[in-house]
Protein chains: 2
Amino acid sequence: MASLATNDLLRAHPALFDRVRLAIMAHLSLAKKAVDFTSLLTELQLTRGNLSTHMKKLEEDGLVRIDKNFVGRKPRTTYLCTNKGRKAVQTYLTAVEAVLKSSL
Amino acid sequence: MASLATNDLLRAHPALFDRVRLAIMAHLSLAKKAVDFTSLLTELQLTRGNLSTHMKKLEEDGLVRIDKNFVGRKPRTTYLCTNKGRKAVQTYLTAVEAVLKSSL
DNA sequence: TCTAGACTGTTTGTATTACAAACAGGTTTG
DNA sequence: CAAACCTGTTTGTAATACAAACAGTCTAGA
């Protein structure tokens with residue numbers, strides 16, 4: 001039978017098993033407020049296309065909420081970590097910690 | 001600018017950015033002994049084809065060693081976590097933990 | 001007033017890859 | 001000996017990560 005730690009790892013949200021999305025979710029859950037597209041872009045050093053598609057997926061999975069508004073005349077897209085997203089990150093962290101501890 | 005934690009994550013071994021392989025490696029590094037194909041199969045609930053290709057990749061990357069022998073007349077394949085593999089797992093898990101910690 | 005360039009992000013094309021179905025070789029069973 | 005059962009491997013296909021190309025808007029300069 002698989003160890004508890006390993007099973008928890010497999011049960012964590014699939015979207016978080018990509019390093020870019022994990023980094024995105026980490027930033028968003030830290031912020032506790034909306035973060036805009038450009039900030040994420042420069043912080044994570046991604047291309048716009050790549051970030052755009054990752055955010056779309058995260059929204060589809062309900063881990064973030066996308067808000068679009070205008071600042072002056074310019075479009076501005078911001079992202080907010082949902083409760084579900086925060087929970088997913090927590091679950092993932094817990095699983096990783098469990099593996100870490102049991103491997104000492 | 002990307003955080004230090006994020007950079008560490010980017011430097012982790014590419015093979016571990018798949019949840020199944022991560023689970024396999026976590027399992028093998030915890031076992032500290034050879035684990036056979038069938039055990040991994042039932043413990044991780046995978047199909048044979050899927051497990052086979054993942055193990056092949058992990059061997060090619062030097063993270064596991066594959067041993068083949070016979071038990072009675074039946075073939076038996078076992079997998080052993082290499083030092084490189086153990087190191088890779090530690091690096092990955094530590095980096096992930098750092099990223100997530102920075103967001104709490 | 002044009003024209004070039006910068007700032008929004010999105011859509012598309014491609015190369016990689018995860019996955020299970022199909023396969024193959026030997027073994028046990030009836 | 002034929003059928004079912006173990007080993008795992010090879011294969012075809014669907015999904016996906018990524019950046020290039022695209023599209024719309026705004027601003028600056030000649």
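Only a predicted model underlies this, so the values are computations on that prediction, with no experimental measurement involved. Each chain gets a letter, A, B and so on, in the order its sequence line appears, and its residues count up from 1.
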Atom CG of B:D36 and atom C1' of D:dC6 are separated, to the nearest Å, by 13 Å
With a 4.0 Å cut-off on heavy atoms, is B:T53 in touch with a base, just the backbone sugar-phosphate, or nothing at all?
base
Counting only side-chain N and O atoms of B:N50, is one of them less than 4.0 Å from OP1 or OP2 of C:dA20?
yes
Rounded to whole Å, the CD1-C1' distance (A:I24 to D:dC18) equals 13 Å
- prompt: Do you see a donor-acceptor pair shorter than 3.5 Å between the side chains of A:D36 and A:S39?
  reply: yes
note: B:L44, atom CG; C:dA20, atom P; distance rounded to Å ~ 13 Å
Rounded to whole Å, the CG-C1' distance (B:L51 to D:dG8) equals 9 Å
Problem set entry | Beyond-backbone contact of B:I24 with B:L44, side-chain heavy atoms, under 4.5 angstrom | yes
Between CZ of B:F70 and P of D:dT7 the distance, given in whole Å, is 13 Å
Exercise for the section: Using the six-membered ring wherever Trp is involved, compare the ring planes of A:Y92 and A:F17 and label them parallel, tilted or perpendicular (cut-offs 30° and 60°). Expected result: perpendicular
Taking the side chain as C-beta and beyond, is there a heavy-atom pair between A:L80 and A:L28 under 4.5 Å? no
Heavy atoms under 4.0 Å, any strand shown: does B:R19 hit a base, just sugar-phosphate, or nothing? nothing
Between CZ of A:F37 and P of D:dT25 the distance, given in whole Å, is 18 Å
So, is B:H54 close to the C:dC19 phosphate, meaning a side-chain N or O under 4.0 Å from OP1 or OP2?
yes
Worksheet item: So, do A:R21 and A:L63 sit near enough that their side-chain heavy atoms are less than 4.5 Å apart?
Response: no
Rounded to whole Å, CD of A:E60 lies from C1' of D:dT16 at a distance of 12 Å
Out of C:dC19, D:dT10, C:dT11, minimum distance to the side chain of B:K56 belongs to D:dT10
Of the listed C:dC19, D:dC18, C:dG9, the closest approach to the A:D18 side chain comes from D:dC18
TODO: Scan A:R73 against the nucleic acid and name what it touches under 4.0 Å (heavy atoms): base, sugar-phosphate only, or nothing.
DONE: sugar-phosphate
Considering just the side-chain nitrogens and oxygens of B:R21, establish if one lies under 4.0 Å of OP1 or OP2 belonging to C:dA18.
yes
Exercise. OP1 or OP2 of C:dA18 sitting under 4.0 Å from any side-chain N/O of B:K57?
Worked result: yes
| task | Would you indicate, yes or no, if C:dG9 has its OP1 or OP2 atom less than 4.0 angstrom from a side-chain nitrogen or oxygen of A:T77? | result | yes
Rounded to whole Å, OH of A:Y79 lies from C1' of C:dT10 at a distance of 10 Å
For D:dG8, does OP1 or OP2 lie under 4.0 Å from any side-chain N or O of B:T38? yes
